[in-house]
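A note on names: the letters A, B, ... follow the listed sequences, proteins ahead of strands, and every chain is numbered from 1. Reckoned from all heavy atoms, side chains included, excluding hydrogens, waters and symmetry mates.
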Amino acid sequence: MQSPSPPDYIARLNPEQRAAVEALDGPLLVLAGAGTGKTRVLTTRFAHLLMTGRAKPWEVLSVTFTNKASREMRERVSAILGRPVEGLWLGTFHALCARMLRRHAALVGLQTNFTILDADDQLRLLKQVMEAARIDAKRWPPQGTMGVIQRWKDRGLTPERVTAAEDTDWAGGAARGLYRDYQRRLVELNAADFGDLLLHVTEILRTHPDVLAEYHRGFRYILVDEYQDTNLVQYLWLRLLAQSHKNICCVGDDDQSIYSWRGAEIENILRFEKDFAGAKIVRLESNYRSTAPILAAASGLIAHNTGRLGKTLRSGLANAEGERVHVVSLWDSEEEARMVGSRIEEARRNGTSLAEIAVLVRAGFQTRAFEERMIALGIPYRVVGGAKFYERAEIRDAMAYLRVLNQPADDLAFERIVNTPKRGLGDTAMRAMQAIAREQRLPLSSAAQIMVEGSDTLRGKARSALTELMHGFARWRAALDSEGHVVVAATLLDESGYTDMWKQDRSPEAPGRLENLKELLRAMAEFQTLAGFLDHVALVMDNDADPDAARVSLMTLHAAKGLEFDMVFLPGWEEGLFPSQRSLDEGGEKALEEERRLAYVGITRARRVAVISHAANRRIYANWTNSIPSRFIDELPEDHIQRAGAAAQERARMINAPSVFAGGGLMARRPRVIEPGAWEVKERPSAGGFTAGERVFHQKFGYGRILRVDDDKLDIAFEKSGEKRLLDRFVEKA
DNA sequence: TATCGTATTCTTTTT
DNA sequence: GAATACGATA
């Protein structure tokens, strides 16, 4: 089977990578640790499938999670093959499913040109459904209902498949009915939400053997990236498609599973061997990215998790020497931002490119403080995944116009633009329109047409405005074929008065918005059809403005997965923030492990320098709150880190004045070195002497019971406010 | 019908 | 503290 001298794309691999590439037939799980050449294995494997003649390019189904990953894979496959490859089934779960669903839309009651709704539309629609069902939106927020529905969809449950036992805890057992109504409305609107793309296709594959057989003939091999992040419906979809030939190769890393909140089930990867009989497992453990201390720190941290498949990362670099991971303690979040700023300036002076520096935060709002600092210092930066182009109001408005153009039955889009700009069509007119639509079971735009043609329903300014709008749409739609979608879009924005609305707007953002509209038209020109463009926007909501430019990257830890930088800053390692309190409240111990994996992802992004920091005081909402260092800092192996700031002094003090008593006691009574000023909240010297199981009282959180004592820190289960970690001086014995 | 003021929520993470 | 949502008022 193996030729005497393998092709050089194989010869360049290390033995474990080679094993992963060459095991072409049957199920294979590749456990790829951070920085072990996962993408390389996937792309080489793809190329190898073609080179060995096992499959044609279109017979391989390659699935990724992000658009970025699929773009990268496409580029690298064609680089290996030395030519651009066309007709590939390569994309995100959602993009591939959208493509499949367009072919079989009728099987779930949709038309081929169905609209893909974004999060905003979904919520508005659900609100309407909940209102109609007279559910108290105060008590049961629509977002919560949306969450319940999405989790069902994540598990492949259509409304019919949801059992009564599943529907107890939300809205008093009304959630299942709301789900059913919501799905009905979607079909009426000829629309699908994100979850539907997978749900519908999986349902079709489950219930239409002929369709399934067609795909079995089509896809001889399946490649899956980031398998640890798949949810149940994605798993079902894959299993159905792999059923006959079983040539499925999943690549993933259980230590980097960070999407459980989106329905991902880490069990999918843990269970792989059981799901696919005769599965082979290959471990990639040679890390070619980071220095030895960074790897050691990350490994030491993740070792605190249980239930791992287990991997040992070892450095594959020729020179793995490097600085220890820095841990910096600071007074407040402003000082933290200053520290990061000055270290970036220093690195820049020493020749590090800004493109090689990243600041990775737990939550999006944290980037703001660093942005301000970057502006003050004149350091170019970019916020990755921040305010998205396609989420801006003017873009969404323009998109709504285009959606109505493409599909008159798109009620959500129609509602959005019918009175934007203001045409004098307020509540009264809209209520009348909705009444007609409901009675005759027609889309809003048809109802509007009726109102315009009829004589009695609408009069005066409102009438002429609506007439003009409807005539406009007829005209623009007619021009679509002859003029092309870009020209029509430009005309539409002008004639509808939308551009004028912003031209007359005196607010400082208005010129920028007009600029954005022009940018939208430029983006449209890259697509053959209007429908193609709309799909792209719904599925590929990214805005990667010149990623090569020398800028510091600011982003969330989630957004950083799959990326790497020479120098990585990891600020805000504080209890409550990271690990996130909310996450802990919702998910308990499992959530804590996921937070820890997130920390692991963060550290392993760094090639040469990692700087972890925490601040003693931080402003949350409007007021200052004090925080204690994240437990993850304590979990880092001391031999591989280097402390600076207050914590270093504190630690020096501990070493210089060893206590004869073991454990907390005297050591816990050491004065806080973090200054200036006293702690604002009433603080008593560390009392020590707390034991697990004891009942305590806290000013804000009320009564609770101590779960664990860790030096001067206590894990407390509060009766009202969940589990928290606090310094003992803030609680008293109850 | 539109605008202004107040109340409320938000800060997890994304296709 | 800001952005949004909603209600009261002109």
Q. What pairs with A:Phe365 under ring-ring contact (aromatic ring centres under 6.0 Å, His included), at least two apart in sequence or on another chain?
A. none
Measure the distance from [atom1] on [X] to [atom2] on [N] and round it to the nearest whole Å.
| X | N | atom1 | atom2 | result |
| --- | --- | --- | --- | --- |
| A:His558 | B:dT11 | NE2 | C1' | 14 Å |
| A:Gln366 | B:dT11 | CD | P | 13 Å |
| A:His536 | B:dT15 | NE2 | P | 13 Å |
| A:Asn231 | B:dT13 | CG | C1' | 15 Å |
| A:Met146 | B:dT15 | CE | P | 17 Å |
| A:Phe365 | B:dC10 | CZ | P | 14 Å |
| A:Leu598 | B:dT14 | CG | P | 10 Å |
| A:Glu372 | C:dG1 | CD | P | 12 Å |

Q | Ring geometry between A:His536 and A:Phe527 (parallel below 30°, tilted from 30 to 60°, perpendicular above 60°) | A | tilted
Q: Assign the ring pair A:Phe219 / A:Tyr215 to parallel, tilted or perpendicular, where the plane angle (0 to 90°) is split at 30° and 60°.
A: parallel
Q. 5'-most contact on DNA chain B: A:Gln143 or A:Tyr259, nearest heavy atom basis?
A.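 It is A:Gln143, whose closest nucleotide lies nearer the 5' terminus.
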**Q.** Closest-nucleotide 5' rank along DNA chain B - winner of A:Ser583 and A:His94
**A.**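 That would be A:Ser583.
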Q | Lys/Arg cation over aromatic A:Phe114: A:Arg102, 6.0 Å, 45° cone | A |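 The answer is yes, since A:Arg102 meets both limits relative to A:Phe114.
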Q | Row check, A:Tyr600 ring normal vs A:Arg597 NZ/CZ: under 6.0 Å, within 45° | A |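 Relative to the ring axis of A:Tyr600, which defines the angle, A:Arg597 lies outside at least one limit.
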(Q) Roughly how many Å apart are B:dT13 and C:dT4, using the P atom of each and rounding to a whole number? (A)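 So the two P atoms sit 15 Å from each other.
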Q: Please tell me which of the listed nucleotides, B:dA2, B:dT15, B:dT11, lies nearest to the side chain of A:Lys422?
A: B:dA2
(Q) OP1 or OP2 of B:dT11 versus the side-chain N and O atoms of A:Thr556: is any pair under 4.0 Å? (A) no
Q. Heavy atoms under 4.0 Å, any strand shown: does A:Phe93 hit a base, just sugar-phosphate, or nothing?
A. nothing
Q) What do you reckon, do A:Trp261 and the base of B:dT13 stack, with centroid distance below 5.5 Å and planes below 30°? A)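 According to the criterion (under 5.5 Å, under 30°), yes, A:Trp261 stacks.
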